[in-house]
Amino acid sequence: MSDSDDGMLLNFAVPDASSGASPAKKRKIKMVGGRWRDRRNTKLAMENKGYRGDIREREDRKISGEGGEKERQVATGVTRSPSSHNDEDNDSRKRPRYGPSAGHRALPAGHGSPTGHRTPASGLESRGQNGGKDNSYVSSLFTANPEVKERDYSEKKGVELKPSNAPLLNDESADFSALGVNETLSKSLLEKLEYSKPTRIQRAVIPTLLGEDKDLFVQAQTGSGKTLAFTLPIIQKLMDASDGSMNRKSGIFAIILSPTRELASQTYEFIASKLCSACHWIVPCLIIGGEKKKSEKARIRKGVNILVATPGRLADHIENTDNLDLSNVRYLVLDEGDRLMDLGFQEDITKMLNRLDKDYNPVMTKNLQGSLPKKRVNILCSATMKETVQKLGEISLTDAKLITSQSVDKLESDEMKAPKQLIQEVVVVPPKLRFVTLAGTLKNLTKEKGDEEISKTMVFFSCSDSVDFHFNALTRGGRLLSLEEKRRKPKEVEGKEKQGKEVTNDVSKVTAKTSPLINPDTVIYKLHGSLSQQARTATLSHFSKNTSYKHAILFCTDVASRGLDLPHIKNVVEFDPPFTLEDHLHRVGRTARVGSSGLSMLFLLPGDEENYIKKIEPLHGNEAENLRYLNFEDVLKDAFKEIITEDDQKERNKKRVDRNKKKIPLREGNWDTHATTFQLELERWLLEDARSKEMATNAFISHTRAYTTHLASERDCFNMKKLHLGHLAKSFGLRETPKKLAGQSSKEHGKKKEDNRKKLLRLAREAEKSQSEEFHY
Ligand SMILES: Nc1ncnc2c1ncn2[C@@H]1O[C@H](COP(=O)(O)OP(=O)(O)OP(=O)(O)O)[C@@H](O)[C@H]1O
């Protein structure tokens with residue numbers, strides 16, 4: 001029997017209250033898998049031979065205070081460590097037998113209790129599948145875990161990582177006016193945005209677009225300022241073309257297509273509030289759906305000069321909006337080209353290109369021809385280069401010029417690389433420990449460091465259901481932001497209120513809760529494609545602007561991985577690995593932008609997934625300093641260790657000295673016990689709350705389905721067949737077997753005969769085929 005079987009046993013041992021299993025009713029129960037002895041014990045127990053109440057009843061009893069100290073310990077998972085509490089532990093013989101001598105396998109090396117204590121939390125499991133001697137349920141969080149390869153975990157200190165996407169501050173010859181940017185715009189950039197020097201890609205793109213009417217393919221690192229590189233010359237060309245007679249009715253001159261609504265909104269905001277403040281007569285407009293088409297049509301009818309849109313919605317307007325005049329379009333920008341293709345917009349884009357070609361009018365209205373191009377200029381932008389982008393290039397560009405950051409100086413190619421100043425950490429975590437390690441990571445990242453800086457963190461999940469589950473699980477007991485907002489208003493909000501401007505403060509639409517588990521000065525948000533557009537917009541706006549809390553965390557899917565430029569993102573956590581290497585670059589690129597520092601952290605499972613490190617290595621510079629390894633035990637130790645102050649200890653000693661005539665030394669530890677308690681609290685929450693349990697089950701199933709959508713070329717790292725589903729289910733707080741979980745879903749659909757494990761795999765394969773958006777957004 002393999003090591004992993006132990007974990008599976010745990011899961012199908014516990015009768016589920018929600019399944020309606022009654023201990024009083026005798027039933028024939030067929031058990032498969034696991035050890036014969038455990039199967040028999042479980043069967044007897046469930047057939048009411050020796051069975052003493054189901055888990056929920058037992059735990060209810062314990063929670064309500066019946067059963068005394070010993071039962072309370074088991075219910076919460078906080079069982080005193082025998083070594084540190086010998087003085088109190090007179091009844092140790094009555095405890096369940098622990099460890100290998102109780103019929104359980106010894107812990108793999110490095111997975112025992114690091115404190116040296118023999119605690120149930122650290123690999124000590126109770127007898128029988130229903131629990132220990134008293135049928136209690138004891139979590140086996142630290143047992144039977146797969147081994148994690150030893151790596152060099154030493155901290156690399158004093159390594160200077162030079163930024164690769166920063167403005168060229170030391171380059172005397174590079175400033176905006178030297179690139180041909182007019183005085184009004186240069187002044188506005190400096191005074192309103194505080195941009196004194198261009199970045200490398202801006203230095204290459206701006207003069208090209210101002211000087212030539214050529215199609216461009218722009219490729220540069222994340223956070224290198226591509227948006228300004230293409231918007232600034234377009235605005236300047238429109239300014240130059242206008243002799244003062246230009247207004248919103250003059251026509252649509254530029255279309256900017258973005259793959260997601262969030263990115264389109266951000267680009268629109270940048271143009272409208274930043275760039276057009278220097279030329280208020282140029283009118284941009286946002287067309288992204290999520291609101292009534294009627295109001296979008298009304299805006300188009302009123303007149304616009306720059307259209308920022310998502311492809312699907314624009315294609316819809318092209319087909320159904322009568323007064324959409326595209327004859328004047330002189331610039332077409334396809335931003336985040338690879339994503340536009342990945343999301344299947346090729347058809348919409350082709351339709352739009354055909355319509356643009358058909359409508360094109362070489363004679364411009366209102367004598368605006370001036371400095372505007374004689375033909376339409378197409379610009380394709382991407383931080384990554386792959387086949388799909390090249391395909392998009394073929395259908396949209398003619399005789400294009402390729403511009404990369406290296407077009408400026410002969411630097412080493414940064415093509416397909418993360419910013420050099422980014423620190424990439426990798427933490428290999430056994431599946432059962434994923435939830436507690438995530439909570440521990442967030443706790444560590446939001447620790448008080450004595451500085452006043454606001455820090456924001458993005459956590460990426462593979463599917464919407466998983467975002468929902470983790471958001472609820474980690475904000476249980478948290479309250480809505482509105483209460484806090486009333487107490488402490490962000491400075492920007494106060495400022496705007498003074499100016500009499502309207503402030504979006506509709507907190508009912510924001511997906512934010514404080515986290516009672518992590519630093520109390522932390523608020524958690526969630527963002528994915530299944531939320532309403534209002535919730536998505538309000539959430540992003542709050543997350544970006546909120547300074548009420550010192551720490552803000554966004555749980556999201558890849559809907560937030562592309563192009564979003566959110567301030568103060570210090571950390572990115574890839575809790576679920578990315579679906580492609582390009583996704584990895586985009587996700588980590590949310591931090592370390594325009595020269596600032598950043599940390600990203602990738603969670604991997606032990607085993608095949610560790611091969612993924614080899615794949616991301618080349619993306620993180622040549623310096624080994626960029627890529628570091630974290631030991632998951634260190635993360636947990638740091639987060640869950642118990643720190644007792646001198647005062648606490650004095651108080652405790654007073655009581656204990658009286659009873660035991662012995663002093664207990666000051667200690668710091670028991671992190672494994674506390675981590676187990678934390679996990680048990682999650683599991684208990686699901687036992688008590690049917691809706692949350694359904695959410696956890698859906699998250700688990702969606703997660704496994706999403707797992708199969710990893711590329712075939714990465715099957716050596718992400719192989720569904722090698723996933724230990726039982727252990728993984730535990731990280732979603734589920735105690736049932738995967739079979740049972742899949743069974744629940746087959747009953748729902750009336751297909752009772754299909755083998756449940758096969759069903760889970762079939763669902764996964766179907767998902768792989770469809771590559772549905774659901775998983776990624
Ligand atoms: N010259 C500059 N000086 C200082 N900041 C700048 C400059 N140019 C752009 N920025 C700022 O840098 C940030 C990143 O810019 P932008 O979003 O355009 O990057 P990007 O290259 O498009 O990144 P991604 O590939 O992730 O979409 C923005 O906040 C932008 O306002």
Side-chain angles (χ1 to χ4, degrees), residues 163-171 174-179 181 185-186 188-206 218-235 256-260 262-275 277 308 333-340 379-385 389 403-405 408 414-419 421-422 456 458 540 544-545 558-569 572 582-596 598 600 619:
S164 56
N165 55 6
L168 303 165
L169 293 178
N170 299 326
D171 190 342
D175 62 35
F176 287 104
S177 46
L179 303 182
V181 178
L185 283 173
S186 300
S188 169
L189 287 177
L190 189 62
E191 287 173 4
K192 296 223 166 87
L193 301 172
E194 296 176 14
Y195 299 172
S196 56
K197 301 271 182 180
T199 61
R200 197 170 280 123
I201 194 68
Q202 290 164 358
R203 202 174 128 188
V205 172
I206 293 171
V218 180
Q219 190 265 319
Q221 272 182 345
T222 52
S224 57
K226 290 188 287 295
T227 315
L228 185 78
F230 63 74
T231 46
L232 191 70
I234 293 176
I235 298 282
I256 299 171
L257 280 195
S258 300
T260 62
E262 280 72 18
L263 183 54
S265 308
Q266 181 183 284
T267 307
Y268 166 78
E269 273 298 312
F270 183 69
I271 296 174
S273 64
K274 307 264 166 73
L275 293 184
S277 61
V308 185
V333 182
L334 304 170
D335 197 10
E336 300 291 345
D338 56 345
R339 201 56 173 172
L340 285 171
I379 305 156
L380 173 57
C381 287
S382 182
T384 49
M385 183 121 54
V389 196
I403 299 195
T404 64
S405 313
V408 180
D414 67 0
E415 204 178 277
M416 285 285 284
K417 278 194 178 165
Q421 73 275 24
L422 176 90
K456 294 186 182 173
M458 291 173 85
L540 261 189
S544 312
K545 292 178 189 160
D558 279 328
V559 76
S561 70
R562 301 285 171 137
L564 284 192
D565 183 59
L566 305 168
H568 309 296
I569 303 286
V572 168
E582 287 81 14
D583 285 347
H584 169 68
L585 277 186
H586 285 283
R587 283 173 170 193
V588 302
R590 294 318 96 209
T591 183
R593 296 177 76 73
V594 273
S596 59
S600 66
L619 307 182

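Keep in mind the model is a prediction, meaning the values are calculated, not measured. Residues: numbered from 1 along the sequence shown. For ligands, and for the atoms within them, numbers begin at 1 and follow the listed sequence.
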Open item on the list: When you compare the side chain of Ser277 with that of Ser188, does any pair of heavy atoms fall below 4.5 Å?
Closed with: yes
Task: Nearest-0.5 Å distance that lies between atom CG in Leu564 and atom CD in Glu336 - done: 9.0 Å
Open item on the list: Would Arg593 count as being in polar contact with ligand 1, using the rule that some N or O on each side must be under 3.5 angstrom apart?
Closed with: yes
Task: Sub-4.5 Å side-chain heavy-atom contact between Leu566 and Leu540 - done: yes
- [ ] Could you list which atoms of ligand 1 come closer than 4.0 Å to a heavy atom of Gln221?
- [x] 21 (O)
- [ ] Can you pull out the closest protein heavy atom to atom 15 (O) of ligand 1? Residue, atom name and distance to 0.1 Å, please.
- [x] Gly225 CA, 3.5 Å
- [ ] Quick one: pull up OG1 in Thr227 and CG in Leu263 and give me the separation to the nearest 0.5 Å.
- [x] 7.0 Å
Task: Proximity to ligand 1 by part of Phe230, non-hydrogen separation under 4.0 Å - done: neither
Open item on the list: Applying a heavy-atom cut-off of 4.0 Å, say which part of Ser224 lies close to ligand 1: side chain, backbone, both or neither.
Closed with: both
Task: Under-4.0 Å heavy-atom contact with ligand 1, by part of Gln202 that carries it - done: side chain
TODO: Applying salt bridge (charged side-chain N to carboxylate O under 4.0 Å, His left out), run through Asp338 and Arg562 and close with a yes or a no.
DONE: CA-CA 10 Å; Asp338 56 345; Arg562 301 285 171 137; 2.9 Å; yes
TODO: Have a look at ligand 1 and work out which part of Arg562, if any, has a heavy atom under 4.0 Å from it: side chain, backbone, both or neither.
DONE: neither
Task: Check: Leu228 and Phe270 side chains under 4.5 Å, non-hydrogen atoms - done: yes
Open item on the list: Just to confirm my output: which protein heavy-atom neighbour is closest to atom 11 (C) of ligand 1, and how far is it?
Closed with: Tyr195 OH, 3.4 Å
TODO: Would you mind reporting whether Val572 and Leu422 have side-chain heavy atoms less than 4.5 Å apart?
DONE: no
Open item on the list: Any heavy atom of Pro167 closer to ligand 1 than 4.0 angstrom?
Closed with: yes
Open item on the list: Using a 4.0 Å cut-off to any heavy atom of Arg590, which atoms of ligand 1 qualify?
Closed with: 26 (O)
TODO: Please report the shortest heavy-atom distance between Ile201 and Gln219, naming the atom on each side.
DONE: CD1-O, 4.0 Å
Open item on the list: To check you understand the geometry: which heavy-atom pair defines the closest contact between Asn165 and Pro419, and what is its length?
Closed with: ND2-CG, 3.6 Å
Task: Derivation of the side chain to side chain contact (heavy atoms under 4.5 Å, CB included) call for Leu232 and Leu189 - done: CA-CA 10 Å; Leu232 191 70; Leu189 287 177; 4.0 Å; yes
Task: Glu194 to ligand 1, any heavy atom closer than 4.0 Å - done: no
Task: Gly223 N/O to ligand 1 N/O under 3.5 Å - done: yes
Open item on the list: Geometry only, no angles: is Gly589 polar-contacting ligand 1 at N/O separations under 3.5 Å?
Closed with: no
Task: Nearest neighbour of atom 20 (P) of ligand 1 from the list Lys274, Glu336, Lys226, on a heavy-atom basis - done: Lys226
Open item on the list: Can you tell me which portion of Asp565 lies within the under-4.0 Å heavy-atom range of ligand 1? Options are side chain, backbone, both, or neither.
Closed with: side chain
Task: Nearest-0.5 Å distance that lies between atom CG in Leu190 and atom CG in Leu185 - done: 12.5 Å
- [ ] Go through ligand 1 atom by atom and flag the ones less than 4.0 Å from a non-hydrogen atom of Pro198.
- [x] 1 (N)
TODO: Using a strict cut-off of 4.0 Å, indicate which atoms of ligand 1 neighbour a heavy atom of Thr227.
DONE: 16 (P), 17 (O), 18 (O), 22 (O)
Open item on the list: Just to check, does Lys197 reach to within less than 4.0 Å of ligand 1 when the distance is taken from its heavy atoms?
Closed with: yes
TODO: Please report which non-hydrogen protein atom sits nearest to atom 12 (O) of ligand 1, along with the residue it belongs to and the distance in Å to one decimal place.
DONE: Val594 CG1, 3.1 Å
TODO: Have a look at ligand 1 and work out which part of Thr222, if any, has a heavy atom under 4.0 Å from it: side chain, backbone, both or neither.
DONE: both
Open item on the list: Within ligand 1, which atoms have a heavy atom of Phe176 less than 4.0 Å away?
Closed with: 1 (N)
- [ ] For residues Arg590 and Thr222, determine if any side-chain heavy atom of one lies less than 4.5 Å from a side-chain heavy atom of the other.
- [x] yes
Task: Nearest-0.5 Å distance that lies between atom CG in Asp335 and atom NZ in Lys226 - done: 8.0 Å
